[in-house]
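The structure appears right after this line, and notes come after that.
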Amino acid sequence: MARRACLGLTVILLFMIGTLPILSMLMKSVVVDGHLSLASYGGLLVSSHQWILMGHSMILSSLVTALTTAIGVPLGILLGKTDLPFRRFFRVLFVVPLLIPPYIIAVSWLDLLGSEGLLAQLLGTAVIRATAPMLFGLPGCVIVLFSVFLPIPMLLTMVFLRTINPRLEEAGRLVSGWRGVMQEITIPLILPGVLLSAMLVFLLSFGEFSVPNFLRYDVFPVESFTQFSAFYNFKAATAAAVPLAAITMVLLLVEGVFLRDRTYQLRPSPGLDGQALIGLGARRRGLLLLVAIIGLVVVFVPVVVLVIQSAGLTAYVEALSRAGDSLLRSLIYAVIGASLLTVLGFFTGYLIQTKAFRFWRSVDSMTIFLFALPSTVIGIGLITLWNTPWTNFIYSTPWIIIFGYLAKYTALTSRISVTQFAQIPPSMEEAAQIAGARWFRRMVFIVAPLARRGLLAGWLVGYIFSLRDTGITMLVYPAGHETLPIRIFTLMANGSPELIAALCMVMIAATLLPPGVLWMVSDMRKKAVIG
Amino acid sequence: MKIVHLDSVSKLYSGEKILDDVSLEIDEGERITILGPSGCGKTTILRLIAGFIAPDAGFISIAGSVVAQAGEIIKLPEQRHLGMVFQDLALWPHLSVAGNIEFGLKAKGLARTERQRQIRKVLDLVGMLGFADRRPAELSGGQQQRVALARALALEPKVLLMDEPLSSLDLDLNIRLRQEILGLQRKLGFTLLYVTHDRDEAFAIASRVVLMSKGTVEYDGAVEDAIRQFKG
């Protein structure tokens with residue numbers, strides 16, 4: 001009874017926070033003067049502007065997907081499957097861009113290549129004439145989003161490589177070298193993971209608003225945001241959001257049909273002695289150099305540029321005096337968001353893993369759909385539903401931001417929980433049940449402690465994504481409650497480059513704070529055990 | 001003629017000795033079963049011979065040439081010309097039955113017609129001729145076993161390694177497949193190195209039994225003597 005009530009409440013909460021706002025937005029867009037009408041969508045198919053936006057969105061997402069897949073998958077293989085030196089360092093290095101808001105990378109490239117950037121100061125404006133066309137528009141967006149999303153195919157390739165039973169590769173190695181084994185066995189086995197990562201990158205690029213907005217490239221999310229925030233034209237904003245939702249839906253249906261069952265549970269293979277590493281031999285140095293160059297361009301240069309640009313105490317003092325309150329708010333909201341995401345993800349994951357309701361698959365699809373949906377669409381939906389006199393107690397408080405986090409990112413914590421639950425034998429809970437423990441007691445004292453690693457990982461992911469959120473928060477934050485990413489975004493219009501760089505560095509530090517503390521604590525505990 | 005030779009081989013995992021100074025000489029055409037409880041090091045011997053791991057001490061030779069010595073793999077697995085049936089069979093799920101068998105033949109550089117001929121031949125040997133286009137998941141446990149055997153025999157290895165291949169099957173099927181493996185060995189003449197923890201299975205298959213305990217060889221002798229000593 002308690003089980004059904006708790007899981008039922010989870011579903012209702014997800015529906016209220018995630019699905020209902022989207023339905024409400026769609027409903028409102030088709031009601032004109034109290035009658036059903038598709039007038040808002042009338043211009044959608046006939047307007048050439050809409051087709052241009054669609055073309056831009058598709059080209060940008062396709063290029064970013066192609067580039068990240070082409071480089072991310074081999075990178076994942078190199079870092080996860082070979083004896084490349086310093087691969088642990090590189091794994092951490094390449095993940096950094098995913099942890100920070102994408103537009104910070106764009107700011108950094110502007111600081112380097114812009115008309116008042118470091119290169120202009122060092123080499124003169126002649127160089128800038130050559131580099132400036134690369135910075136704005138499509139090329140700039142592709143470069144920045146490539147840096148930000150490169151870790152996705154890289155990490156998924158590494159994770160899927162770990163799920164392969166080592167015996168499958170050994171059976172191949174008895175008759176063939178590594179090249180043949182990789183081509184015929186390993187890569188076909190991780191192909192669903194590669195396709196999943198490509199789809200994720202496509203959807204995330206498709207819904208990305210901050211980078212195209214900053215680098216002046218017109219795509220659907222920018223149009224939707226502009227119509228809503230600049231002209232307060234709700235119907236036009238919704239009409240621009242609908243193609244985003246429709247394409248997201250189509251891609252997720254494709255994923256559901258072809259990939260879901262093949263990529264559903266990511267768990268390490270129960271190999272007896274782990275995965276064998278491919279010896280790179282004479283190519284080791286060359287490949288190390290290549291990976292180092294990619295790391296230098298994609299991660300090191302953007303971060304170092306920010307460090308140089310913000311050098312000196314003055315910029316940081318000004319940054320903290322102008323945005324200290326936003327920083328504090330960001331930290332508080334991210335901690336609350338991460339904690340609630342962990343709890344919601346735990347119960348959603350449990351519901352999915354145990355197939356507690358007949359409609360468990362719909363719950364899973366709903367969370368994934370919301371994650372893949374562009375932030376601007378969720379933001380408009382939340383405003384549509386909650387901006388009423390009766391619900392102002394939510395809409396005018398930071399809870400509307402937290403609702404946005406829960407709607408968008410529950411898929412992440414729920415998927416992490418599912419993976420963790422898949423590794424816990426059902427007999428663990430059954431033994432507690434036989435011993436007389438009721439469901440809630442089993443959850444608290446048996447399942448949650450066994451899933452603690454997943455819960456911690458879920459919390460960290462929830463924290464990072466809540467902290468870096470820009471798209472939803474930008475639309476829904478109540479007056480006086482702006483977060484640090486929003487403050488940086490608004491200051492970019494008139495703040496000095498030094499101030500913006502310092503704020504970006506503060507943002508990076510805030511993002512890395514909990515993972516850093518966790519790493520230090522775990523390191524100290526390890527040393528204590530050894531000692 | 002000695003086909004496989006392990007000389008004073010030791011192997012450590014996480015500082016613990018899994019194999020301790022093991023020596024073993026195997027003649028061509030012999031049927032040896034390595035018998036012992038879980039964790040005694042019997043699978044480690046197979047993995048050392050296959051070339052997936054290197055010994056920490058001693059050396060291993062196959063067909064007269066040293067293939068591995070302390071801390072070093074001299075010949076890679078694919079250069080040792082062995083066949084192996086794994087405990088979990090390790091059939092590639094994304095390839096058909098024919099695809100599973102063809103992989104090694106392709107790697108060897110055989111022409112398409114030759115590959116097709118060899119696939120038909122080994123499938124016929126194991127009684128699976130009509131199943132070439134099926135995926136492993138579409139087969140029963142016994143059929144998967146036969147496919148794994150066919151794949152291992154496709155390259156006509158001189159030595160076939162089998163790591164508890166029948167442990168997941170029910171007794172009736174287990175007994176039937178033992179007879180089939182014996183029949184194939186007699187027909188094709190390969191050397192069989194068969195690992196099991198089941199005494200009846202070991203005695204039914206072997207011409208020689210090696211009993212292992214805690215990483216060392218406790219007994220090495222003819223199957224008739226082993227039956228007298230351990231069953232009596």
Side-chain angles (χ1 to χ4, degrees), chain A residues 81-83 157 160-196 258-283 526 529-530, chain B residues 11-14 18 38-39 43-44 46-54 72-73 75-95 99-110 136-137 147-148 151-157 159-161 163-165:
Chain A
K81 192 76 197 162
T82 70
D83 62 350
T157 300
F160 274 83
L161 282 172
R162 287 197 60 195
T163 64
I164 295 177
N165 178 353
R167 303 293 165 265
L168 294 176
E169 288 176 334
E170 285 175 359
R173 285 174 61 208
L174 280 172
V175 290
S176 169
W178 267 115
R179 182 189 289 264
V181 172
M182 288 300 291
Q183 278 174 0
E184 302 275 340
I185 297 165
T186 311
I187 291 175
L189 286 173
I190 64 164
L191 197 60
V194 173
L195 294 175
L196 178 72
F258 295 107
L259 294 175
R260 184 75 55 89
D261 289 333
R262 301 172 74 181
T263 57
Y264 193 69
Q265 286 175 356
L266 298 176
R267 42 183 151 169
S269 159
L272 297 175
D273 3 73
Q275 305 280 346
L277 292 181
I278 303 171
L280 295 172
R283 285 164 296 183
K526 263 188 209 161
V529 169
I530 293 166
Chain B
K11 181 70 191 171
L12 286 94
Y13 277 123
S14 313
I18 298 295
S38 297
T43 295
T44 305
L46 284 200
R47 295 174 60 74
L48 281 163
I49 294 171
F52 299 133
I53 46 176
E72 189 189 2
I73 289 175
K75 274 195 175 177
L76 295 169
E78 70 268 24
Q79 296 164 334
R80 298 187 183 193
H81 309 297
L82 305 168
M84 185 164 179
V85 178
F86 294 80
Q87 187 171 11
D88 60 2
L89 305 182
L91 291 175
W92 300 308
H94 59 294
L95 299 179
N100 264 272
I101 297 167
E102 192 177 21
F103 175 77
L105 302 170
K106 257 190 198 169
K108 200 181 173 188
L110 294 187
V147 174
R151 184 178 71 180
L153 294 175
L155 286 172
E156 298 172 354
V159 181
L160 180 64
L161 312 173
D163 185 8
E164 306 213 31

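To find a chain, count down the sequence lines: A is the first, B the second, and so on, and within it residues start at 1. What's counted below: heavy atoms across the whole structure, side chains too, no hydrogens, waters or symmetry copies.
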Side chain to side chain, A/Pro188 and B/Leu95, heavy atoms closer than 4.5 Å: no
When every non-hydrogen atom of A/Leu174 is compared with those of B/Gly83, the smallest separation belongs to CD1-C, 4.5 Å
Just jot down the ring pair (Phe, Tyr, Trp, His ring centres under 6.0 Å) partners of B/Trp92, sequence neighbours excluded, or say none. B/Phe103
Correct closest heavy-atom pair for A/Ala171 and B/Arg151 would be CB-NH2, 3.3 Å
Between chain B and each of A/Ile185, A/Leu189, A/Val175, count heavy-atom pairs under 4.5 Å; write down the option with the most. A/Ile185
Show your working on side-chain contact (heavy atoms from CB on, under 4.5 Å) between B/Gln87 and A/Arg167 and close with a plain yes or no. CA-CA 9 Å; B/Gln87 187 171 11; A/Arg167 303 293 165 265; over 6 Å; no
Side chain from CB out, backbone as N, CA, C, O: work out which of these in B/Leu155 comes under 4.5 Å of a heavy atom of chain A, or both, or neither. side chain
With sequence neighbours excluded, what pairs up with A/Glu184 under the salt bridge (charged side-chain N to carboxylate O under 4.0 Å, His left out) test? none
Roughly how far, to the nearest 0.5 Å, is NE2 of B/His94 from CD1 of A/Ile190? 11.0 Å
Contact part of B/Leu91 toward chain A, heavy-atom cut-off under 4.5 Å: side chain, backbone, both or neither? backbone
